[in-house]
4 protein chains.
Amino acid sequence: MSAIAPNPNAERRAELLATAARVFAEQGYNATTVRRIADAAGMLAGSLYYHFDSKEAMLDEILTAFLDELWACYDTVLAAGLGPRDTLGALVTQSFRQIDRHGPAVAIYQKESKHLSAQPRFAHLAGSQPKFEHAWLRTLERGVAERDFRADLDVRLVYRFVRDTVWVAASWYRPGGVHSAQEIARQYLSMVLAGITTRG
Amino acid sequence: MSAIAPNPNAERRAELLATAARVFAEQGYNATTVRRIADAAGMLAGSLYYHFDSKEAMLDEILTAFLDELWACYDTVLAAGLGPRDTLGALVTQSFRQIDRHGPAVAIYQKESKHLSAQPRFAHLAGSQPKFEHAWLRTLERGVAERDFRADLDVRLVYRFVRDTVWVAASWYRPGGVHSAQEIARQYLSMVLAGITTRG
Amino acid sequence: MSAIAPNPNAERRAELLATAARVFAEQGYNATTVRRIADAAGMLAGSLYYHFDSKEAMLDEILTAFLDELWACYDTVLAAGLGPRDTLGALVTQSFRQIDRHGPAVAIYQKESKHLSAQPRFAHLAGSQPKFEHAWLRTLERGVAERDFRADLDVRLVYRFVRDTVWVAASWYRPGGVHSAQEIARQYLSMVLAGITTRG
Amino acid sequence: MSAIAPNPNAERRAELLATAARVFAEQGYNATTVRRIADAAGMLAGSLYYHFDSKEAMLDEILTAFLDELWACYDTVLAAGLGPRDTLGALVTQSFRQIDRHGPAVAIYQKESKHLSAQPRFAHLAGSQPKFEHAWLRTLERGVAERDFRADLDVRLVYRFVRDTVWVAASWYRPGGVHSAQEIARQYLSMVLAGITTRG
DNA sequence: AATGAATGAGTTTTCATTCAT
DNA sequence: AATGAATGAAAACTCATTCAT
């Protein structure tokens, strides 16, 4: 056990969270019983409570881990000072990378974040949406201002179009499929850019 | 019970189903209690069972009504013998019309159909997906064959791209917002066509 | 159903609360399962939740009803402007009347209030103790000042002596026993007064 | 394992039992989790099972140790052949000495013995009550017969009065407070004797 | 048509206890 | 002696559903 290795506790937690995330993504959070997660993890339902406070705590940890990593990526991209086209490209690419790494978490976030954020416990999820919107919208607006992107479209609609296009992919993407996440990102980006770029 | 005066029973059912659909869409099907629907309808939970057999029956009726109307539209479009571009345009337009009319039902279908179709009761939902895929895929392939649409993209990816782009709109679209469903359809179509059409 | 009759809802609740109070008093709050209360009430455990939010809510309602009535009695006594001996007598008599009417609630309060009031939900219970102490202590101090009561005793000890003597009776008193609550009050008072009154 | 050096094992047990008794007294036996005791002892819940067979075994040992010592004291007093007044005095004094030494155990016994003795495991606790009653009642009756104590009171009520007065003190007495146990005993006895002694 | 009161199956959660290390 | 990770039984609670009125 080198200094780099996470403590076994943390490893076990991560394993269990990965299992839980998979089941949540497949069945939906509410339709998933704690027993089912425990079955998938090869233990009894009660045993999960040695590692986690509650079913909600598991969900929270899954979503928070994903969002934290996502924002680390996005912030790096946004801080890089790229032009609008390249920024857009980097955001799309990084998003697919997140889908590749945190597929189940992304799928859960897509389906559940909206009604979850109404509960105090998950109110913090609501914070990501405006940050999200700001990041993409800023980029699109810069692109329009610099005449890279079409001016005849409502930029808010374009934002939703791009956002949805990218993230919904989490609901069908499976690592190890025909195309890599990179390749999917490339083709998506090719369509999106062709769709919103000024002709000239 | 003439064609002019639908029985009041049917009207009440429709009202209640609309209420249920709204709540299901907002909270998620599993997270929605029968009591909550009853609250929203101004009655007690038990009273709903005078009108419906079960919570599942409500959901089934909501989804089936939507799918029936959707397929009626789609079949008309597909039978019209239009070219690929116009077929695509009509499908997108009709889809947004459905979102406008059955917003909550569409949102529910998006979120829940995948894991619902695993249950026998909702197995029939699974049938729509291949029909759906076939309709869009055929159109896209015809477009590629006729050199209307780009050949450098995986047509299955394009299918998912277009499908997701259109349908996920149900999760944020609200009738009476800034743009009409028609206008949103127009701008989406403009982006999508620009994205997948061959340049020339 | 006259205007005086409480609504059936309230009657049922009161019945169920009386049952719950009896079981709580016999077994202790924590050792009492919801199922046991339901058994005693002739229904299933889940059915209790139609009437009450939780086991804690039942306990709270039981204790609050008792304390409210108790303070109404005490406040009347204290406002009557009686001398120390008569005030003491009235307080003891009223206390035994409460024990007679709310026996189980009193017993529960005696056993559980101390550790319950550490929980936020039951923090309000803590408020009764100082009011209690104040009422009795004031009376005892007046008695000492007026040379009715002995001055050679620590008045705080006398307070605890009298308080405990009276209230612990709730743990063994059963209505319909050999002595009425009135008679017990009379004899207790006779001992207590003989114990703390100045000779002469 | 000489008389001078008790084995360290026994010392550790005693420490742990003292800790457990304190927590049981504060929170109530049922409301106390094994984990809480372990926390207070600076170990993990499972580790307690190296020292004790079960939570019940701890409680049993705590109560038995207290009762054994109590009866040793009482038996000595009762065998001394004192008159009723002195016997009563000695019993009260010894009782407060027990409260001083075994405060938590006494408090637990007061609160829990009644419903515990319904369980086979703790059936032996039930044996103390009649012995107790016999000891006090005999003394009171002798006092009445010898015209030391008032004859106008129900001697059973007097018994309960004295018993409760003394033992409930365990719920508020803390060693190191304003008054020593001895001093409290003296004042209590002064009141009780004044309360039940014939005037002359 | 709707209510009020229940049912009963299932869910999350708790916790005393065990046991390999 | 003590830990960490489990077990398993039972607890509180939820909720779709039923039914007499």
Side-chain angles (χ1 to χ4, degrees), chain A residues 7-9 11-13 15-16 30-38 41-59, chain B residues 8-9 12-13 16 29-38 41-59, chain C residues 7-9 11-13 15-16 30-38 41-59, chain D residues 8-9 12-13 16 29-38 41-59:
Chain A
N7 70 45
N9 205 325
E11 256 182 63
R12 189 77 177 109
R13 280 175 74 88
E15 261 176 24
L16 293 171
N30 278 291
T32 299
T33 67
V34 170
R35 225 195 113 202
R36 207 173 179 93
I37 299 170
M43 51 169 55
L44 293 178
S47 308
L48 282 172
Y49 288 81
Y50 178 77
H51 300 277
F52 306 99
D53 283 346
S54 65
K55 188 183 163 188
E56 276 189 345
M58 289 185 235
L59 178 58
Chain B
N9 212 323
R12 189 79 176 106
R13 283 176 70 88
L16 293 171
Y29 172 72
N30 278 293
T32 299
T33 67
V34 169
R35 221 195 121 200
R36 210 172 180 97
I37 300 170
M43 52 170 55
L44 293 179
S47 309
L48 281 172
Y49 289 78
Y50 179 80
H51 301 278
F52 305 99
D53 283 348
S54 67
K55 187 185 168 190
E56 278 189 343
M58 289 185 237
L59 178 59
Chain C
N7 71 45
N9 205 325
E11 257 182 62
R12 189 79 178 107
R13 280 175 74 86
E15 262 177 23
L16 293 171
N30 278 292
T32 299
T33 67
V34 170
R35 223 195 115 200
R36 207 171 182 95
I37 301 170
M43 50 169 55
L44 293 178
S47 307
L48 281 172
Y49 289 82
Y50 178 77
H51 301 277
F52 306 100
D53 283 348
S54 65
K55 187 184 165 189
E56 276 190 345
M58 289 186 236
L59 178 59
Chain D
N9 211 325
R12 189 79 176 106
R13 280 175 71 87
L16 293 172
Y29 172 71
N30 278 291
T32 300
T33 66
V34 170
R35 221 194 121 202
R36 211 172 181 96
I37 301 170
M43 52 170 56
L44 293 180
S47 309
L48 281 172
Y49 288 79
Y50 179 81
H51 301 278
F52 305 98
D53 283 348
S54 66
K55 186 184 169 190
E56 276 188 344
M58 289 185 235
L59 178 59

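Note that the structure is a prediction, hence the values are computed from the model and not measured. Just so it is clear: chains get the letters A, B, ... in the order the sequence lines come, proteins before strands, and each one is counted from 1.
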Legend entry - Given E:dT3, F:dA6, F:dG4, the nucleotide with the shortest approach to the side chain of D:L44: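 Nucleotide nearest to D:L44's side chain: F:dG4.
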Legend entry - Among E:dA5, E:dA2, E:dT7, the nucleotide that comes nearest once only the side chain of B:R12 is considered: E:dA2
Starting from [atom2] on [N], measure out to [atom1] on [X] and report it in whole angstrom.
{"X": "C:L59", "N": "F:dA12", "atom1": "CG", "atom2": "P", "answer": "13 Å"}
{"X": "B:L48", "N": "F:dA16", "atom1": "CG", "atom2": "C1'", "answer": "11 Å"}
{"X": "A:E11", "N": "F:dA5", "atom1": "CD", "atom2": "C1'", "answer": "15 Å"}
{"X": "B:Y50", "N": "F:dT21", "atom1": "OH", "atom2": "P", "answer": "18 Å"}
{"X": "C:I37", "N": "F:dA11", "atom1": "CD1", "atom2": "P", "answer": "12 Å"}

Inset, instruction - Go through D:M43 and D:H51 one step at a time and tell me if the side chain to side chain contact (heavy atoms under 4.5 Å, CB included) criterion holds. - result: CA-CA 12 Å; D:M43 52 170 56; D:H51 301 278; 4.3 Å; yes
Inset, instruction - Quick one: pull up CZ in C:R13 and OH in C:Y50 and give me the separation to the nearest 0.5 Å. - result: 11.0 Å
Legend entry - D:S54 side, atom OG; D:L48 side, atom CG - distance, nearest 0.5 Å: 11.0 Å
Inset, instruction - Determine, for nucleotides 12-19 of chain E in 5'-to-3' order, which nucleotides have protein heavy atoms under 4.0 Å from the base (write B), from only the sugar-phosphate (write S), or from neither (write -). - result: SBBBSBB-
What pairs of donor and acceptor atoms, side-chain ones from residues 30-38 of chain D against any protein atom, are under 3.5 angstrom apart with sequence neighbours left out?
| residue | atom | partner | partner atom | Å |
| --- | --- | --- | --- | --- |
| D:T32 | OG1 | D:G28 | O | 2.6 |
| D:T33 | OG1 | D:R36 | N | 3.1 |
| D:R36 | NE | D:Q27 | OE1 | 3.3 |

Legend entry - D:Y49 six-ring centre to D:K55 NZ/CZ under 6.0 Å and within 45° of normal: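 Output no; distance or angle outside limits.
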Inset, instruction - Apply salt bridge (Lys or Arg N to Asp or Glu O under 4.0 Å) to C:E56 and list each qualifying residue two or more places apart in sequence or on a separate chain. - result: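 By the salt bridge (Lys or Arg N to Asp or Glu O under 4.0 Å) rule, C:E56 matches no residue at all.
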Inset, instruction - Measure the shortest side-chain to side-chain distance between B:D53 and B:M58 over non-hydrogen atoms and say whether it is less than 4.5 angstrom. - result: no
Inset, instruction - Would you indicate, yes or no, if F:dA2 has its OP1 or OP2 atom less than 4.0 angstrom from a side-chain nitrogen or oxygen of D:H51? - result: yes
Legend entry - Secondary-structure stems for DNA chain F, with pairs counted as Watson-Crick or G-U when both distances are under 3.5 Å and runs at least 3 long: E:2-21 with F:2-21
